[in-house]
S.K.: 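Below is one structure. I have some questions about it.
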Amino acid sequence: MRARGRRWGRADLTGDPLLVARALLGAYVVAGPVRLRLTEVEAYWGSKDPGSHGYRGMTPRTEVMFGPPGHLYVYRSYGIHWCANIVCGTAGECAAVLLRAGEVVAGHDVVAERRPGVPVRDLARGPGRLTKTLGLVGEDDGASLVGRGAPFALYGPPEPVPDTIVRTGPRVGVSGPGGDGETYPWRMWIDGEPSVSVYRPGKVRRG
DNA sequence: TGTATGATTGGCT
DNA sequence: GCCAATCATACAT
(Lines give C-alpha, C1' and ligand atoms only; values in the text may rest on other atoms or scores of the structure.)
Protein backbone atom coordinates (compact mmCIF):
# COMPACT_ATOMS: atom_id res chain seq x y z
CA MET A 1 0.00 0.00 0.00
CA ARG A 2 1.20 3.45 -0.84
CA ALA A 3 1.63 5.87 2.04
CA ARG A 4 -1.01 8.51 2.31
CA GLY A 5 -0.36 12.22 2.75
CA ARG A 6 -1.69 14.31 5.58
CA ARG A 7 -5.29 15.40 5.40
CA TRP A 8 -5.52 19.07 4.60
CA GLY A 9 -7.47 21.66 6.54
CA ARG A 10 -8.52 25.20 5.90
CA ALA A 11 -5.09 26.56 6.90
CA ASP A 12 -3.41 24.66 4.07
CA LEU A 13 -5.57 26.52 1.55
CA THR A 14 -5.21 29.98 3.05
CA GLY A 15 -2.90 32.48 1.41
CA ASP A 16 -1.56 33.21 -2.06
CA PRO A 17 -3.59 31.20 -4.62
CA LEU A 18 -0.48 30.67 -6.73
CA LEU A 19 1.28 28.96 -3.83
CA VAL A 20 -1.82 26.93 -3.04
CA ALA A 21 -2.06 25.84 -6.67
CA ARG A 22 1.57 24.72 -6.62
CA ALA A 23 1.01 22.82 -3.40
CA LEU A 24 -2.05 21.07 -4.83
CA LEU A 25 0.03 19.35 -7.51
CA GLY A 26 0.37 15.74 -6.44
CA ALA A 27 -2.34 16.12 -3.81
CA TYR A 28 -5.28 13.73 -3.63
CA VAL A 29 -8.94 14.65 -3.97
CA VAL A 30 -11.29 12.12 -2.44
CA ALA A 31 -14.93 11.85 -3.52
CA GLY A 32 -16.51 8.73 -2.08
CA PRO A 33 -14.66 5.67 -3.37
CA VAL A 34 -12.80 7.63 -6.04
CA ARG A 35 -9.42 9.14 -5.31
CA LEU A 36 -7.64 11.39 -7.79
CA ARG A 37 -4.02 12.54 -7.82
CA LEU A 38 -3.94 16.10 -9.20
CA THR A 39 -1.54 16.61 -12.10
CA GLU A 40 -2.71 19.94 -13.54
CA VAL A 41 -4.31 23.03 -11.99
CA GLU A 42 -4.92 26.70 -12.75
CA ALA A 43 -5.06 29.61 -10.31
CA TYR A 44 -7.77 32.29 -10.50
CA TRP A 45 -7.46 35.37 -8.40
CA GLY A 46 -10.60 37.48 -8.25
CA SER A 47 -10.28 41.20 -8.65
CA LYS A 48 -6.66 41.01 -9.90
CA ASP A 49 -7.63 38.62 -12.63
CA PRO A 50 -9.76 39.41 -15.71
CA GLY A 51 -9.93 35.68 -16.37
CA SER A 52 -11.73 35.00 -13.11
CA HIS A 53 -15.49 34.74 -12.85
CA GLY A 54 -15.18 36.94 -9.78
CA TYR A 55 -13.35 39.78 -11.54
CA ARG A 56 -16.39 42.03 -11.69
CA GLY A 57 -17.49 41.45 -8.16
CA MET A 58 -19.61 38.95 -6.30
CA THR A 59 -22.69 37.45 -7.95
CA PRO A 60 -24.90 34.58 -6.83
CA ARG A 61 -22.79 32.22 -8.89
CA THR A 62 -19.40 33.35 -7.59
CA GLU A 63 -20.44 33.83 -3.98
CA VAL A 64 -18.70 30.63 -2.87
CA MET A 65 -15.34 31.87 -4.17
CA PHE A 66 -15.55 34.90 -1.90
CA GLY A 67 -16.15 32.69 1.13
CA PRO A 68 -13.75 30.74 3.34
CA PRO A 69 -11.20 28.35 1.76
CA GLY A 70 -11.82 24.64 1.53
CA HIS A 71 -15.09 24.60 -0.38
CA LEU A 72 -15.89 23.55 -3.93
CA TYR A 73 -16.87 26.07 -6.56
CA VAL A 74 -18.65 24.11 -9.29
CA TYR A 75 -20.04 25.82 -12.38
CA ARG A 76 -21.50 24.73 -15.68
CA SER A 77 -19.32 25.18 -18.71
CA TYR A 78 -20.74 25.62 -22.20
CA GLY A 79 -24.09 24.40 -20.89
CA ILE A 80 -22.77 20.86 -20.99
CA HIS A 81 -19.94 20.18 -18.58
CA TRP A 82 -19.21 20.84 -14.93
CA CYS A 83 -15.92 22.36 -13.83
CA ALA A 84 -14.67 22.26 -10.25
CA ASN A 85 -12.48 24.65 -8.30
CA ILE A 86 -11.13 24.56 -4.78
CA VAL A 87 -11.73 27.86 -3.03
CA CYS A 88 -8.54 29.17 -1.43
CA GLY A 89 -7.03 32.50 -0.41
CA THR A 90 -8.75 34.35 2.40
CA ALA A 91 -12.44 34.74 3.21
CA GLY A 92 -13.66 38.00 1.69
CA GLU A 93 -11.36 37.89 -1.32
CA CYS A 94 -12.07 35.86 -4.43
CA ALA A 95 -9.59 33.09 -5.10
CA ALA A 96 -9.80 29.53 -6.38
CA VAL A 97 -7.84 26.80 -8.10
CA LEU A 98 -9.39 25.08 -11.09
CA LEU A 99 -8.87 21.32 -11.12
CA ARG A 100 -7.85 20.61 -14.70
CA ALA A 101 -6.49 17.08 -14.70
CA GLY A 102 -5.59 14.13 -12.55
CA GLU A 103 -4.82 10.45 -12.36
CA VAL A 104 -7.26 7.97 -10.82
CA VAL A 105 -5.50 6.15 -7.99
CA ALA A 106 -8.48 4.48 -6.30
CA GLY A 107 -12.04 3.59 -7.16
CA HIS A 108 -11.31 2.31 -10.64
CA ASP A 109 -14.33 0.02 -10.58
CA VAL A 110 -16.73 2.86 -9.88
CA VAL A 111 -15.06 5.06 -12.48
CA ALA A 112 -15.30 2.31 -15.06
CA GLU A 113 -19.06 2.22 -14.52
CA ARG A 114 -19.33 5.98 -14.76
CA ARG A 115 -17.16 6.30 -17.84
CA PRO A 116 -17.47 3.15 -19.94
CA GLY A 117 -15.06 2.84 -22.82
CA VAL A 118 -12.92 5.83 -21.87
CA PRO A 119 -9.15 5.22 -22.03
CA VAL A 120 -7.47 5.37 -18.63
CA ARG A 121 -5.35 8.39 -19.43
CA ASP A 122 -8.42 10.35 -20.54
CA LEU A 123 -10.48 9.68 -17.40
CA ALA A 124 -9.61 13.02 -15.86
CA ARG A 125 -7.70 14.73 -18.65
CA GLY A 126 -9.45 18.11 -18.77
CA PRO A 127 -11.72 19.87 -16.28
CA GLY A 128 -14.99 18.55 -17.69
CA ARG A 129 -13.76 14.97 -17.72
CA LEU A 130 -12.33 15.32 -14.23
CA THR A 131 -15.69 16.26 -12.70
CA LYS A 132 -17.40 13.43 -14.52
CA THR A 133 -14.89 10.94 -13.17
CA LEU A 134 -15.23 12.28 -9.62
CA GLY A 135 -19.00 12.41 -9.94
CA LEU A 136 -19.14 16.13 -9.19
CA VAL A 137 -22.24 18.06 -10.29
CA GLY A 138 -23.80 21.46 -9.70
CA GLU A 139 -25.35 20.33 -6.44
CA ASP A 140 -21.85 19.97 -5.03
CA ASP A 141 -21.23 23.69 -5.43
CA GLY A 142 -20.29 25.02 -2.01
CA ALA A 143 -19.60 21.59 -0.50
CA SER A 144 -16.67 21.30 1.88
CA LEU A 145 -13.40 19.42 1.51
CA VAL A 146 -12.15 20.23 4.98
CA GLY A 147 -13.27 19.46 8.50
CA ARG A 148 -15.15 16.62 10.13
CA GLY A 149 -18.20 15.43 8.27
CA ALA A 150 -17.20 17.11 5.00
CA PRO A 151 -18.51 15.19 1.98
CA PHE A 152 -15.13 15.44 0.26
CA ALA A 153 -11.51 15.38 1.39
CA LEU A 154 -8.08 16.55 0.36
CA TYR A 155 -4.75 14.89 1.19
CA GLY A 156 -1.29 16.38 0.66
CA PRO A 157 1.19 14.57 -1.58
CA PRO A 158 2.62 11.42 0.09
CA GLU A 159 5.99 12.51 -1.23
CA PRO A 160 6.93 16.09 -2.14
CA VAL A 161 6.62 16.98 -5.82
CA PRO A 162 10.01 18.54 -6.72
CA ASP A 163 10.20 21.88 -8.53
CA THR A 164 12.24 20.20 -11.25
CA ILE A 165 9.19 18.41 -12.63
CA VAL A 166 6.71 21.26 -12.21
CA ARG A 167 5.93 23.29 -15.32
CA THR A 168 3.99 26.53 -15.65
CA GLY A 169 2.34 28.20 -18.61
CA PRO A 170 -0.60 30.30 -19.77
CA ARG A 171 -4.05 29.18 -18.73
CA VAL A 172 -6.22 27.33 -21.18
CA GLY A 173 -9.08 29.09 -22.93
CA VAL A 174 -8.50 32.37 -21.11
CA SER A 175 -7.46 35.53 -22.87
CA GLY A 176 -5.21 37.82 -20.89
CA PRO A 177 -5.29 41.44 -19.77
CA GLY A 178 -3.20 42.61 -22.71
CA GLY A 179 -5.81 41.46 -25.20
CA ASP A 180 -3.16 40.07 -27.55
CA GLY A 181 -3.70 36.60 -26.25
CA GLU A 182 -1.28 37.37 -23.45
CA THR A 183 -2.06 35.42 -20.33
CA TYR A 184 -0.87 35.00 -16.82
CA PRO A 185 1.32 31.89 -16.47
CA TRP A 186 -1.01 30.55 -13.82
CA ARG A 187 -1.41 27.05 -15.20
CA MET A 188 0.77 24.49 -13.47
CA TRP A 189 1.26 20.84 -14.18
CA ILE A 190 3.53 17.89 -13.42
CA ASP A 191 5.85 17.23 -16.34
CA GLY A 192 5.56 13.91 -18.09
CA GLU A 193 2.14 13.01 -16.69
CA PRO A 194 0.01 11.41 -19.40
CA SER A 195 -3.15 12.77 -17.77
CA VAL A 196 -2.21 16.42 -18.34
CA SER A 197 -4.62 18.08 -20.76
CA VAL A 198 -3.73 19.44 -24.16
CA TYR A 199 -3.10 23.17 -24.33
CA ARG A 200 -5.46 25.24 -26.43
CA PRO A 201 -5.05 29.00 -26.68
CA GLY A 202 -7.93 31.23 -25.68
CA LYS A 203 -10.25 32.55 -28.33
CA VAL A 204 -8.73 35.57 -29.98
CA ARG A 205 -11.04 38.52 -29.83
CA ARG A 206 -11.35 40.75 -32.82
CA GLY A 207 -9.25 43.86 -32.63
C1' DT B 1 -37.96 39.78 -21.51
C1' DG B 2 -34.24 39.12 -24.85
C1' DT B 3 -29.67 37.74 -26.20
C1' DA B 4 -24.60 36.96 -26.44
C1' DT B 5 -21.20 34.16 -24.46
C1' DG B 6 -18.21 30.60 -22.43
C1' DA B 7 -12.07 28.34 -17.30
C1' DT B 8 -15.04 22.23 -22.95
C1' DT B 9 -15.54 18.06 -25.21
C1' DG B 10 -16.26 14.78 -28.82
C1' DG B 11 -17.13 13.90 -33.48
C1' DC B 12 -16.33 14.75 -38.21
C1' DT B 13 -13.55 16.54 -42.44
C1' DG C 1 -8.19 21.52 -37.97
C1' DC C 2 -13.09 22.81 -37.59
C1' DC C 3 -17.53 22.98 -35.46
C1' DA C 4 -21.90 21.76 -33.03
C1' DA C 5 -23.98 20.75 -28.58
C1' DT C 6 -26.64 23.20 -24.84
C1' DC C 7 -27.87 26.32 -20.93
C1' DA C 8 -26.84 29.22 -16.78
C1' DT C 9 -25.19 33.61 -16.23
C1' DA C 10 -24.69 38.38 -16.99
C1' DC C 11 -26.02 42.27 -19.00
C1' DA C 12 -28.74 45.10 -22.29
C1' DT C 13 -33.32 46.73 -23.34
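So that the names make sense, note that chain A is the first sequence line, chain B the second, and so on, each numbered from 1.
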S.K.: Any N or O donor-acceptor pair linking the side chain of Tyr75(A) to the base of dA8(C) at under 3.5 Å?
M.R.: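 Checked by distance alone, the answer is no.
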S.K.: Can you measure Arg76(A) atom CZ to dA8(C) atom C1' for me and round it to whole angstrom units?
M.R.: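 Those two atoms, CZ and C1', are 8 Å apart.
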S.K.: I need the NE2-P distance between His81(A) and dT8(B), as an integer number of Å.
M.R.: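 To the nearest whole Å, that distance equals 9 Å.
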S.K.: Between the side chains of Arg6(A) and Asp12(A), is the shortest nitrogen-to-carboxylate-oxygen separation below 4.0 Å, so that they form an ion pair?
M.R.: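 Result for this pair is yes, salt bridge flagged.
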S.K.: When you check the gap from the basic side-chain N to the acidic O, do Glu42(A) and Arg171(A) get nearer than 4.0 Å?
M.R.: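 No.
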S.K.: Looking at dT9(B), I'd like to know if its phosphate oxygens (OP1 or OP2) sit under 4.0 Å from a side-chain N or O belonging to Arg125(A).
M.R.: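 Arg125(A) to dT9(B) OP1/OP2: no side-chain N or O under 4.0 Å.
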S.K.: Rounded to whole Å, please give me the gap between CZ in Arg129(A) and P in dA7(B).
M.R.: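 In whole Å, dA7(B) P lies 18 Å from Arg129(A) CZ.
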S.K.: dA7(B) and dG1(C): how far apart are their C1' atoms, nearest whole angstrom?
M.R.: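 Result for the C1' pair: 22 Å, nearest Å.
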S.K.: dC11(C), dT8(B), dA10(C): which one has an atom nearest the side-chain heavy atoms of Arg56(A)?
M.R.: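 The listed nucleotide nearest to Arg56(A)'s side chain is dC11(C).
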S.K.: Considering only side-chain heavy atoms of Arg61(A), which listed nucleotide, dA5(C), dT9(C), dA7(B), is closest?
M.R.: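 The answer is dT9(C).
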S.K.: Would you be so kind as to tabulate the donor-acceptor pairs closer than 3.5 Å made by side chains of residues 158-168 of chain A, with sequence neighbours excluded?
M.R.:
{"from": "Asp163(A)", "atom 1": "OD1", "to": "Arg22(A)", "atom 2": "NE", "distance (Å)": "3.3"}
{"from": "Asp163(A)", "atom 1": "OD1", "to": "Arg22(A)", "atom 2": "NH2", "distance (Å)": "2.8"}
{"from": "Arg167(A)", "atom 1": "NH1", "to": "Thr164(A)", "atom 2": "O", "distance (Å)": "3.1"}
{"from": "Arg167(A)", "atom 1": "NH2", "to": "Asp191(A)", "atom 2": "OD2", "distance (Å)": "3.1"}

S.K.: Would you kindly give the CG-to-C1' distance between Leu123(A) and dT8(B), to the nearest whole Å?
M.R.: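 Interatomic distance, CG of Leu123(A) to C1' of dT8(B): 17 Å.
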S.K.: Would you say His53(A) reaches dA7(B)'s phosphate, i.e. side-chain N/O to OP1/OP2 under 4.0 Å?
M.R.: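 Yes, such a contact exists.
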S.K.: Starting from P on dA8(C), measure out to CG on Asp141(A) and report it in whole angstrom.
M.R.: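 Checked: the CG to P distance equals 14 Å.
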S.K.: Is there a path of hydrophobic side-chain contacts, each under 4.5 Å between heavy atoms of I, L, V, M, F, W or Y residues, that connects Leu123(A) with Trp189(A)?
M.R.: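 No, because Leu123(A) and Trp189(A) fall into different hydrophobic clusters, even though each may have its own neighbours under 4.5 Å.
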S.K.: Before we go on, tell me: are the rings of His53(A) and Tyr75(A) under 6.0 Å apart, centre to centre?
M.R.: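 That pair passes the under 6.0 Å test.
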S.K.: From OH of Tyr184(A) over to P of dA7(B), roughly how many Å is that when rounded to an integer?
M.R.: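 Tyr184(A) atom OH is separated from dA7(B) atom P by 15 Å.
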S.K.: Using the six-membered ring for Trp and the full ring for Phe, Tyr or His, decide whether Tyr44(A) stacks on the six-membered base ring of dA7(B) (centres under 5.5 Å, planes under 30°).
M.R.: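 Yes, Tyr44(A) stacks on the base of dA7(B), since the ring centres sit under 5.5 Å apart and the planes are within 30°.
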S.K.: Arg115(A) side chain N/O closer than 4.0 Å to the phosphate oxygens (OP1, OP2) of dG10(B)?
M.R.: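 Answer is yes, contact under 4.0 Å.
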S.K.: Taking only N and O in the side chain of Ser77(A), is any of them less than 4.0 Å away from OP1 or OP2 of dG6(B)?
M.R.: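 Negative; the distance criterion is not met.
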S.K.: In whole Å, I'd like the distance from the CG atom of Leu98(A) to the P atom of dT8(B).
M.R.: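 Atom CG in Leu98(A) sits about 8 Å away from atom P in dT8(B).
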S.K.: Nearest of dG6(B), dT9(B), dA10(C) to any side-chain atom of Thr59(A)?
M.R.: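 Ranking dG6(B), dT9(B), dA10(C) by closest atom to the Thr59(A) side chain puts dA10(C) first.
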S.K.: Can you tell me the Watson-Crick or wobble partner of dC2(C), both distances under 3.5 angstrom?
M.R.: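 dG11(B) is the nucleotide pairing with dC2(C).
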S.K.: Atom CG of Asp122(A) to atom C1' of dG11(B): distance rounded to whole Å?
M.R.: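 Interatomic distance, CG of Asp122(A) to C1' of dG11(B): 14 Å.
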